[in-house]
Amino acid sequence: MFKNEVVKAVVCVSVLLSAGKVSAKPNTAADAVKQHILVAPVDGLSPDFIRGADVSMLGEIEKNGGKFYNAQGNEDDLFAILKENGVDWIRLRLWNNPVNERDVYANGKVLSRKGEPSGGGNNNLELDIRLAQRAKKAGMKILLDFHYSDTWADPSKQKTPAAWRDMDAKQLDKAVESFTEDCIKKMDKAGVRPDMVQIGNELNGGMMWPLGKTWKGKTDTDIGGMDGFISLLKSASKGVRAAQGKDGRIKIMIHLADGGDNNLYMSMFDPITAAKVDFDVIGLSFYPYWHGALANLKNNMTLIGEKYGKEMIVAETAYAFTEDDGDGMGNAFVVYSDDENGYVPSVQGQATEVRDIIDTVSHVKNGTGVFYWEPDWIPVKGAGWRTGEGNNWENQAMFDFTGHALPSLAVFNLVYGKGAFTNRAGGSAANASSFAPYSAEKVEVKTMPGQAPKLPAKIKVVYENDAEHPGEIVWDKHDWAAEKNEGVVQVQGTVKDSTFRVTADVTVSNQVNLVTDPSWESGKLGAWVLDGPANVCFAENNKSNARTGKWTYKYWLDSGFKSTLSRTFKGIPNGTYTYSLWAMGGGGEKSIRIFAADFDGAEKQLTADVKNTGWKNWKQYTVSNIKVTDGQVTIGIYLDTNAGNWGNFDDVELYMEKK
């Protein structure tokens, strides 16, 4: 059954704003080192504020021929380059035994064999000691990041080391304590006693699953729950305290991802603190393109700082200096932009993102530092996420694809108002106190002849530091009553408190879109009726998946399904109509089609097939010549998918064609 929507034949004004699509262009990787960047100093920044970098990939990069070059264009030690640019802490991850348990396959081919190094840095204790010795020699402090795994540990996976997998809870607690103590003592003996230790990495759902897993999935038969997780944390903490000896306290960090999610942090740290786990620092991962607005980070840090009284450090952040792909593997980065903030993927944008993270953290009580995740991870064959794979992080390094330091690396000095330079390639880094606008999002507005359009009071503006912020627009006066003919009229405005001019394209047309909320910006399906699984087909709030605005109609499931989303309009004038929408997705469905039905008193249906061809490959699909004879029409989207299919729909239109 279709839900009816009555549409009265009244004069309407339609506004179409292509939110977030600005004309600022990302840098190319080839020109990145030549860029000129400006950074505003951070007011009141403590000289003790931690400016760190995780360079855990370095051993594997250098082993496979990677080299690094300073601002003078000379090959240099990475730690010397980082130190010169203001980095004073180094973070190193530690895996128990980073070798493959079994052969690793991808696309039917063997990537690496059982027993071979797993890749991703191959960070065992021996390698980390060598890297730490170089960091200490350069005058840096060390944050040691225990993953308690043989491979990557993060919110989606916390795999217990193979050597510990058959242990019961008591045995695992003892192994964690002993391993932690032993590793720190060996580092101390080698002259590289860590200054801070992370007991686990991005522990949103616990660690060392299943005994330390806090949530039960569909395939889990038994888990340790929060009690098991806390027991492991206490064991790890005991290991640190047993190893620290008489040379001073080693700070202990407990680290979660999703740094803007206060509910997550409260749900984890309430029981952790209630159980009196011994730790000093709350670590947060915050990648703006995954974790949201800086306001969310500030709010979360403010609340958890007040509640738990611990130091807080952003243990991971990064941003892209280019959208180019250095090794053909693609990039993990997605362009970030919310209603308040955004950054161009450029050397300048990268520096501004880091500066803004430092500014945010330093102005929260007990906010004591920021670590950039893998500024060294340039595209070097053999130094990938795992042995045999490439690297999809290289466009977020702070060196270009050939290892030359980018001007953005100087941000760690520039936040203190020092460190300006010009490099050998002609690029530069300097301080600035204000930034003028230089670009703005495209504004497209639709109105009826003789009527004034609804022009937006604010639009997203890009400033000279490649940050995007809402700018108030003062629009020029225009005699809209005189615009009787159909066509496109351009009207200009000025960004308030500047001389920067913007333009809106106003389409004057008798064709009015009858679809209210055409891109689901209400966050609801509204008048649309879903015949299918609501947990699979839904309105999604994800700007990176939207053509305009932030919301779309989304579908995804790891098994095949069928569904129909439809919307019925009644009381519309008879005539010939066109129905269109935009779609994108991964492709591979059995069938996707849009349709128009119930428009002529018969069972006739007009359709158009939809074929998705990849992420952000938006295409418009149209059903035209819909001859409405009884004052109503139903439009819709039909899906018949295979396992794992996904896609998004946006910007639906239904309008009467010209007579």
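These numbers come from the heavy atoms of this one structure, side chains and all, not from hydrogens, waters or symmetry mates. All residue numbers in this chain count up from 1 along the given sequence. All values derive from a computational prediction rather than experimental measurement.
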Answer yes if the side chains of [X] and [Y] hold a donor-acceptor pair under 3.5 Å, and no otherwise.
X: Asn299; Y: Asn262; result: no
X: Ser439; Y: Glu468; result: no
X: Gln492; Y: Asp476; result: no
X: Thr568; Y: Thr634; result: yes
X: Thr494; Y: Arg501; result: yes
X: Trp385; Y: Asn391; result: no
X: Asn510; Y: Glu486; result: yes
X: Arg355; Y: Ser408; result: no

Ring pair (Phe, Tyr, Trp, His ring centres under 6.0 Å) assessment of Tyr287 paired with Trp393: CA-CA 13 Å; Tyr287 299 96; Trp393 204 262; 5.7 Å; yes
Test of understanding: with side-chain contact (heavy atoms from CB on, under 4.5 Å), list the residues that count as partners of Gln158, not counting sequence neighbours.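 Expected list: Ala153, Leu203, Met207, Trp209.
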With sequence neighbours excluded, tell me which residues meet side-chain contact (heavy atoms from CB on, under 4.5 Å) with Lys554. Phe538, Glu540, Asn545, Thr552, Trp556, Trp646, Asn648
Please work out which of the three classes, parallel, tilted or perpendicular, describes the rings of Trp373 and Trp377, given edges at 30° and 60°.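 Correct class here is perpendicular.
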Can you say whether the rings of Phe286 and His291 are parallel (under 30°), tilted (30 to 60°) or perpendicular (over 60°)?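 Because their plane-to-plane angle lies in the 30° to 60° range, the rings of Phe286 and His291 count as tilted.
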Is the backbone N or O of Pro375 less than 3.5 Å from a side-chain atom of Gln396, with the two atoms forming a donor-acceptor pair by type? no
Please find out if less than 6.0 Å separates the ring center of Tyr553 from that of Phe649.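 They qualify: ring centres under 6.0 Å apart.
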side-chain hydrogen bond (donor to acceptor under 3.5 Å, both in side chains) between Thr578 and Glu657, worked out: CA-CA 6 Å; Thr578 291; Glu657 297 175 7; 2.4 Å; yes
May I have the step-by-step check of side-chain contact (heavy atoms from CB on, under 4.5 Å) for Lys590 and Lys562, ending in yes or no? CA-CA 10 Å; Lys590 294 178 184 177; Lys562 295 181 181 180; over 6 Å; no
Are [X] and [Y] close enough that some pair of their side-chain heavy atoms sits under 4.5 Å apart?
X: Ile378; Y: Phe401; answer: no
X: Val443; Y: Thr503; answer: no
X: Leu606; Y: Phe599; answer: yes
X: Gln348; Y: Leu38; answer: yes
X: Tyr555; Y: Ile637; answer: no
X: Leu111; Y: Thr387; answer: no
X: Phe595; Y: Thr564; answer: yes
X: Thr322; Y: Pro26; answer: no

Derivation and outcome, side-chain hydrogen bond (donor to acceptor under 3.5 Å, both in side chains), residues Ser346 and Asp466: CA-CA 8 Å; Ser346 63; Asp466 276 1; 2.4 Å; yes
May I ask you to decide whether Lys298 forms a salt bridge with Asp356, counting only side-chain N to carboxylate O separations under 4.0 Å? no
Asp651/Arg547 salt bridge by N-O under 4.0 Å criterion: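 Salt bridge: yes.
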Which is it for Tyr319 and Phe333 under the ring pair (Phe, Tyr, Trp, His ring centres under 6.0 Å) test, yes or no, and what are the steps along the way? CA-CA 8 Å; Tyr319 204 75; Phe333 171 80; 4.9 Å; yes
side-chain hydrogen bond (donor to acceptor under 3.5 Å, both in side chains) evaluation trace for Thr317 with Glu353: CA-CA 9 Å; Thr317 192; Glu353 187 269 352; 2.9 Å; yes
So which heavy atom on Pro407 is nearest to which on Ala32, and how close?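 That would be CD-O, 3.8 Å.
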Check whether Tyr621 forms a cation-pi arrangement with Lys611 (NZ or CZ under 6.0 Å from the six-membered ring centre, at most 45° off the ring normal).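 Judged by the rule, Lys611 and Tyr621 form no cation-pi pair.
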Residue Lys616 excluded, over 12 heavy atoms near NZ under 6.0 Å: yes
Pair Thr641-Leu557, side-chain contact (heavy atoms from CB on, under 4.5 Å): steps then yes or no: CA-CA 9 Å; Thr641 76; Leu557 189 63; 5.8 Å; no
What's the verdict on side-chain contact (heavy atoms from CB on, under 4.5 Å) for Ile473 and Leu455, showing C-alpha distance, side-chain angles and the deciding distance? CA-CA 9 Å; Ile473 309 300; Leu455 294 167; over 6 Å; no
Arg567 CZ to Leu565 CG distance, which is reported to the nearest 0.5 Å: 9.5 Å
